[in-house]
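Residues: numbered from 1 along the sequence shown. Just so it is clear, the model here is predicted, and its values are computed rather than measured.
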Amino acid sequence: CAWLSQRTGTNYRLPTEAEWEYAARGGRRTEAQTKYAGSAEPGSVAWYDDNSGGKTHPVGGKRPNALGLYDMSGNVWEWCADLYGDYVDTGAPQLNPRGPEEGVLRVIRGGGWNGNARFCRVSHRDDDAPDGRSLLLGFRLAASPSR
């Protein structure tokens, strides 16, 4: 992210978990909540154990969600910037809640090609060590205004 930000002049980073879920649910463009990113049926939007053939697939092979984002359910788990744990309760509604300030594991979302469809649900969350390396892990960048 730092390398790309320096090269382009745009501030790239991993999304927070809340930003990831907002994007996966289609932002405000979606009329109804869906179980998966763009559909109530996983097969139309996700690569998972029943349809992946045991491998990752090029992005865009399934339908996008309401924001035009592909593969937010299934294919590979996506890293989020937040540490894994319960959201910090501030006692007031939060626009972009954050996870704990301390911890070892980071949040991963979206599910992967080798798992059951339930792991591809927009509401499902999991964790992994930040130095984890796997064919099941990927990332999606968020962009913030440059300073």
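- Within the model, atoms OH of Tyr12 and CH2 of Trp3 stand 11.0 Å from one another, a figure rounded to the nearest 0.5 Å.
- Among residues two or more places apart in sequence or in another chain, the ring pair (Phe, Tyr, Trp, His ring centres under 6.0 Å) test is passed with Trp47 by His57.
- Rounding to the nearest 0.5 Å gives a distance of 9.5 Å between SG of Cys80 and CD of Glu21.
- For Asp50, the side chain to side chain contact (heavy atoms under 4.5 Å, CB included) partners are Tyr48, not counting sequence neighbours.
- With sequence neighbours left out, the side chain to side chain contact (heavy atoms under 4.5 Å, CB included) criterion links Asn114 to Leu136.
- Taking every heavy atom of both residues into account, Ala37 and Ser73 meet most closely at N-OG, 2.9 Å.
- The hydrophobic cluster around Tyr36 extends to Val45, counting ILVMFWY residues whose side-chain heavy atoms fall within less than 4.5 Å of a member.
- Judged as a ring pair (Phe, Tyr, Trp, His ring centres under 6.0 Å), the pairs with a partner in residues 99-122 (not counting sequence neighbours) are, in order, Phe119-His124.
- If you take CH2 on Trp20 and CG on Leu69, they are separated by 10.0 Å, rounding to the nearest 0.5 Å.
- For the pair Ser5 (side chain) and Thr10 (backbone), a donor-acceptor distance under 3.5 Å is present.
- Chaining together hydrophobic side chains whose heavy atoms lie under 4.5 Å apart leaves Leu135 on its own.
- Hydrophobic cluster membership is shared by Leu67 and Met72, with clusters built from Ile, Leu, Val, Met, Phe, Trp and Tyr side chains linked at under 4.5 angstrom.
- Between Leu4 atom CG and Asn11 atom CG the span is 10.0 Å, to the nearest 0.5 Å.
- Expressed to the nearest 0.5 Å, how far SG of Cys1 lies from CD of Gln6 amounts to 13.0 Å.
- Between atom OG of residue Ser123 and atom CZ of residue Arg25 there is a gap of 6.0 Å, rounded to the nearest 0.5 Å.
- For the pair Arg106 and Leu83, the minimum side-chain heavy-atom distance is below 4.5 Å.
- Qualifying side chain to side chain donor-acceptor pair (under 3.5 Å) partners for Ser39, counting only residues two or more places apart in sequence or in other chains: Ser44.
- A single hydrophobic cluster is not seen to contain both Val76 and Val59; linkage of ILVMFWY side chains at heavy-atom distances under 4.5 Å, directly or through other members, places them apart.
- Here the closest heavy-atom approach between residue Gly60 and residue Asp71 is recorded as N-OD2, 3.4 Å.
- The salt bridge (Lys or Arg N to Asp or Glu O under 4.0 Å) contacts involving residues 135-144 comprise Glu78-Arg140, where partners must be two or more places apart or lie in separate chains.
- Every residue meeting the side chain to side chain contact (heavy atoms under 4.5 Å, CB included) condition with Tyr84, not counting sequence neighbours, appears here in chain and number order: Leu105, Val107, Arg125, Asp127.
- Looking at Lys35, its side chain never comes within 3.5 Å of a backbone N or O of Glu41 through a donor-acceptor pair.
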Run the numbers on Asp128 and Trp77 for side chain to side chain contact (heavy atoms under 4.5 Å, CB included), then give the verdict.
CA-CA 10 Å; Asp128 203 347; Trp77 290 91; over 6 Å; no
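- In this view, Arg13 and Glu19 satisfy the salt bridge (Lys or Arg N to Asp or Glu O under 4.0 Å) rule, not counting sequence neighbours.
- Under the 4.5 Å side-chain heavy-atom criterion for Ile, Leu, Val, Met, Phe, Trp and Tyr, Leu141 and Tyr70 are members of distinct hydrophobic clusters.
- Looking at residues two or more places apart in sequence or on another chain, you find no side chain to side chain contact (heavy atoms under 4.5 Å, CB included) involving Ala40.
- The backbone N or O of Ala23 sits less than 3.5 Å from a side-chain atom of Asn65, completing a donor-acceptor pair.
- Under the side chain to side chain donor-acceptor pair (under 3.5 Å) criterion, Arg121 pairs with no residue at all, not counting sequence neighbours.
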